[in-house]
Amino acid sequence: MLPAQGMGGGRVLPRESPKAQVDRPTPAIRFQDVSAAWGLTRPNVYGGAASKKVILEMTGNGVGVIDVDNDGRRDLIFVNGTRLGEDDPPGALLYHNLGDSRFQDATADSGLTRRGWGQGVCAGDYDNDGFTDLLVTYYGHNALYRNAGGKRFEETTAAAGLPVEGQAWGSGCAFFDSDRDGDLDLFVSNYVGFDLHEADRKGDSGNCSWRGLDVFCGPRGYPSGRNWLFENQGDGTFRDVSREAGILLEGELHYGLGVVAEDFDDDGFPDVYVACDSTPSILYRNRGAGTFEDVSVVSGVAYGAEGQEEGSMGVSAGDFDRDGRFDLLVSNFIDETPTLYRNEGELFFTDETYQAGLGVDTSRVGWGALFVDFDQDGWKDAFLANGHIYPELDGAGKGERFAQAKLLFWNLRNGAFREVARELGEPLAAPQVSRGAAVGDLDGDGRLEIAVVNMNGAPSLYRTDRADGAAVLIELVATRSNRSAIGARVTVEAGGAIQTDAVRSGGSYASQSDFRLHFGLGGARQVDKATVRWPTGEEQTFENLPANAAIRLTEGSAEPSVRPFSR
């Protein structure tokens, strides 16, 4: 166990008795897929639909929930890919939120011009001009998009000093202020060392087998991907500091996919977790002096419960047990369970997967992973988007399908969950080949919608028909910290309960959720106290905030802005 880093341990709160797991009825809530009704109709494109010849066709894309034009409504960006031999790939899709549960396809004038094997998206105001910028990761080189006043995006990859030469396979990413200097740095994970031209020359990526079927090879057998850390120079450019910062783990094998940046040891400096496929996952501890160290093994998050490497794709950070520490939810490959790592403090985690009831299903290939309080009772639930990697399974009589249903684990408030997806409506149980997932309030009613990318199909947008509990959405606007307030931590006290969350870039599987923090309040009628710890380390306290409202808190200002939900 590592020593404590000096900003306080978590709260140890009593849990409800195990009997509650049996006696508590599932919430009377139904999920609906409103994607078509709300105008989200264009299909995703990624690799072959009936067969996949090379590993590049497997990973798929992420989705972003982002307010592009600062109108207060969250827009949607769906990263897109291509197919082998495709001459005119579609590129990323931008849907503008018109309000009244309507979206308009705004791709044509968006400036999102890059085409090819798109992967993921993360957001952050890297130039502190008040508008949210994007990084879209690609196989090849990534694309940095500066938000030009909310009107369109301008690609600034080369001008900002990010690599545009060479061949890499960018996957997950996150903007975060690694050195707390007030501007956002950038972390990018990379998957495997794969050369599509070499695969084309050979005519295939190898001869491999799964359940007796001929399938593409990998990831095992391919060279390691590498992780990048780019330091923001404060003038619109970045500098590669991967090696000097300790991010570049030379000689080690890691196939990096999902990324989340979070201050797991509560020392004021954000750490980074990378979910790795078929190789040990990585936890980089931020040492606070511009350097990081890999503490994944001693922290207990490199391997599964039995010490095995897992096929990890997505990751989410959240406080599922309300002890004030941020835990980890990781999605994994078939024949493995999702993994729930409980943060015990002092940068040590325990694998609570089976104790918490998440070990009940090993039949899915997990991708998008979210902590989300869908019933607004004040306890984080766990959502997983799933889909296999081998379309050849369909019709092969192997007892497995390419398309798979979602998983939704309802928090029983006693350290355990119960899987309830089938009870909450046909949309969650409908098999799809899903990849990235992101969450946010898209219609202004305070309840969260979940956006999901479906490979070679239209997206899904899941909306609940009701939620008994009250809620607040807290939006942070920084003035001395980075403008996006990424890394800010909010503690809410309401109805005798205490909850904690933080503003994050990236996460899930290569996706970006709403920067606003959603707190379910159950039966509470107000937030008695909200404490914000800004990325600078300074704290502010706000008292007696109304429930069922979107609340904007500005760094240095004592006056909140309140807008009631539209219900």
Side-chain angles (χ1 to χ4, degrees), residues 61-62 64 66-70 75 77 79-82 89-94 106-179 181-190 226-245 247-248 259 261 290 478 481-484 486 505-506 510 512 515:
N61 311 116
I66 300 158
D67 185 0
V68 170
D69 52 3
N70 288 358
D75 310 300
I77 294 173
V79 180
N80 228 328
T82 184
L93 307 177
L94 171 63
T107 305
D109 299 321
S110 67
L112 302 175
T113 56
R114 182 77 189 282
R115 301 291 188 268
W117 294 97
Q119 303 292 307
V121 59
C122 58
D125 183 2
Y126 78 85
D127 55 0
N128 283 331
D129 68 350
F131 291 90
T132 302
D133 312 303
L134 305 174
L135 184 84
V136 181
T137 59
Y138 277 85
Y139 171 77
H141 71 78
N142 305 316
L144 180 67
Y145 289 106
R146 179 181 175 272
N147 190 328
K151 298 179 175 60
R152 66 191 312 273
F153 290 97
E154 300 172 346
E155 185 176 350
T156 57
T157 315
L162 297 184
V164 294
E165 302 292 337
Q167 190 76 357
W169 188 340
S171 48
C173 61
F175 288 95
F176 73 128
D177 190 357
S178 68
D179 48 9
D181 64 353
D183 49 35
L184 291 173
D185 310 302
L186 177 61
F187 185 99
V188 183
S189 68
N190 279 260
R226 58 155 297 179
N227 298 320
W228 300 81
L229 177 61
F230 298 101
E231 182 185 55
N232 194 326
Q233 302 298 287
D235 58 0
T237 67
F238 292 84
R239 182 173 70 95
D240 179 9
V241 295
S242 309
R243 189 181 304 277
E244 62 198 75
I247 295 298
L248 188 59
V259 170
S481 308
N482 70 86
R483 187 68 176 267
S484 299
I486 291 169
S505 173
Q512 174 68 58
F515 283 146

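Predicted, not measured: the structure shown is a model, and the values here were computed from it.
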K.L.:
At their closest point, which heavy atom of Ser505 faces which heavy atom of Ala123, and how far apart are they?
P.N.:
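Closest heavy-atom pair between Ser505 and Ala123: OG-O, 2.8 Å.
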K.L.:
If we ignore hydrogens and angles and just use 3.5 Å, is the side chain of Arg152 paired with the main-chain N or O of Asn147 as donor and acceptor?
P.N.:
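The answer is no, because no donor-acceptor pair under 3.5 Å joins these two groups.
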K.L.:
Looking only at heavy atoms, which two atoms of Arg483 and Ala478 are closest? And how far apart?
P.N.:
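Nearest heavy atoms, Arg483 then Ala478: CD-O, 3.2 Å.
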K.L.:
Locate the shortest heavy-atom distance separating Pro90 from Asn80; write the atom from each residue and the value.
P.N.:
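Looking at all heavy atoms of both residues, the closest pair is CG-ND2, 3.5 Å.
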K.L.:
Check for a donor-acceptor pair, side chain of Thr82 on one end and backbone N or O of Trp117 on the other, with a separation under 3.5 Å.
P.N.:
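The answer is no, because no donor-acceptor pair under 3.5 Å joins these two groups.
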K.L.:
For Asn128 and Asp183, indicate whether the former's side chain and the latter's backbone hold a donor-acceptor pair under 3.5 Å.
P.N.:
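No, Asn128 side chain to Asp183 backbone: no donor-acceptor pair under 3.5 Å.
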K.L.:
Check whether Arg114 reaches the backbone of Leu112 with its side chain - one donor and one acceptor, N or O, closer than 3.5 Å.
P.N.:
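Checked: no pair found.
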K.L.:
Can you tell me how far apart CD (Glu155) and CG (Leu134) are? Round to the nearest 0.5 Å.
P.N.:
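Reported to 0.5 Å precision, the distance equals 11.5 Å.
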K.L.:
Under the criterion side-chain contact (heavy atoms from CB on, under 4.5 Å), I'd like the reasoning laid out for Leu184 against Phe238: C-alpha separation, chi angles, the key distance, then a yes or no.
P.N.:
CA-CA 10 Å; Leu184 291 173; Phe238 292 84; over 6 Å; no
K.L.:
Is it true that a side-chain atom of Ser242 and a backbone atom of Ile247 form a donor plus acceptor pair closer than 3.5 Å?
P.N.:
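No, the answer is negative, given that no donor and acceptor are paired below the 3.5 Å cut-off.
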K.L.:
Atom CG of residue position Asp109 - does it have more than 12 heavy atoms of other residues, nucleotides or ligands inside 6.0 Å?
P.N.:
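No, not enclosed.
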K.L.:
Using the side-chain contact (heavy atoms from CB on, under 4.5 Å) rule, pick out the option among Ser189, Ser171, Cys173 that qualifies with Val259.
P.N.:
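Output: one option passes, namely Ser189.
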K.L.:
If you take all heavy atoms of Pro163 and Thr157, which pair is closest and at what distance?
P.N.:
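What the structure gives for the nearest pair is O-CG2, 4.1 Å.
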K.L.:
Going by heavy atoms in the side chains, are Trp228 and Leu162 under 4.5 Å from each other?
P.N.:
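No, side chains not in contact.
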K.L.:
Should the ring pair Tyr126 and Phe175 be called parallel, tilted or perpendicular, given that the plane angle runs from 0 to 90° and is split at 30 and 60?
P.N.:
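Ring orientation, 0 to 90° scale: parallel.
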K.L.:
If we ignore hydrogens and angles and just use 3.5 Å, is the side chain of Thr137 paired with the main-chain N or O of Asn142 as donor and acceptor?
P.N.:
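No, the answer is negative, given that no donor and acceptor are paired below the 3.5 Å cut-off.
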K.L.:
Would you call Tyr138 and Val79 a side-chain contact if the rule is heavy atoms closer than 4.5 Å?
P.N.:
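With C-beta onward as the side chain, the pair stays apart.
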K.L.:
Would a 4.5 Å heavy-atom cut-off, applied to side chains only, mark Ile77 and Leu93 as touching?
P.N.:
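Side chain of Ile77 against side chain of Leu93, heavy atoms only: no contact under 4.5 Å found.
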K.L.:
Is a donor on one side and an acceptor on the other found under 3.5 Å between the side chain of Asn232 and the backbone of Asp185?
P.N.:
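No; zero donor-acceptor contacts below 3.5 Å.
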K.L.:
Looking at Ala168, is its backbone amide N or carbonyl O close enough to the side chain of Arg226 to form a donor-acceptor pair, meaning the two atoms are under 3.5 Å apart?
P.N.:
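Side chain of Arg226 to backbone of Ala168: no pair is present.
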K.L.:
Look up atom CZ in Phe187 and atom CG in Leu135, then write down how far apart they are to the nearest 0.5 Å.
P.N.:
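It comes to 12.5 Å.
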K.L.:
At what distance, to the nearest 0.5 angstrom, does CG of Asp69 lie from NZ of Lys151?
P.N.:
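If we round to the nearest 0.5 Å, Asp69:CG and Lys151:NZ are 10.0 Å apart.
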K.L.:
Would you mind reporting whether Asp179 and Glu231 have side-chain heavy atoms less than 4.5 Å apart?
P.N.:
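Yes, side chains in contact.
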K.L.:
Between the side chain of Asp75 and the main-chain N/O of Val68, is any donor-acceptor distance below 3.5 Å?
P.N.:
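Indeed, once roles are kept as given, a pair shorter than 3.5 Å links the two residues.
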K.L.:
Treating Gln512 as the side-chain partner and Gly506 as the backbone partner, does any N or O pair qualify as donor plus acceptor under 3.5 Å?
P.N.:
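Pair found, side chain donor or acceptor close to backbone of Gly506.
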K.L.:
Could you tell me if Ser484 and Asn482 have a donor-acceptor pair between their side chains, going purely by distance under 3.5 Å?
P.N.:
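Asn482 vs Ser484: no donor-acceptor pair found between side chains.
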K.L.:
Ignoring hydrogens, what is the shortest heavy-atom contact between Thr237 and Ala159? Give both atom names and the distance.
P.N.:
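The pair with the smallest heavy-atom distance is CG2-O, 3.7 Å.
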K.L.:
Please name the pair of heavy atoms, one in Cys122 and one in Ala174, separated by the smallest distance, quoted to 0.1 Å.
P.N.:
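Closest pair (atom of Cys122, atom of Ala174, distance): SG-N, 3.6 Å.
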K.L.:
Going by salt bridge (Lys or Arg N to Asp or Glu O under 4.0 Å), Arg146 matches just one of Asp125, Asp127, Asp133. Which one?
P.N.:
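Single pass found, and it is Asp127.
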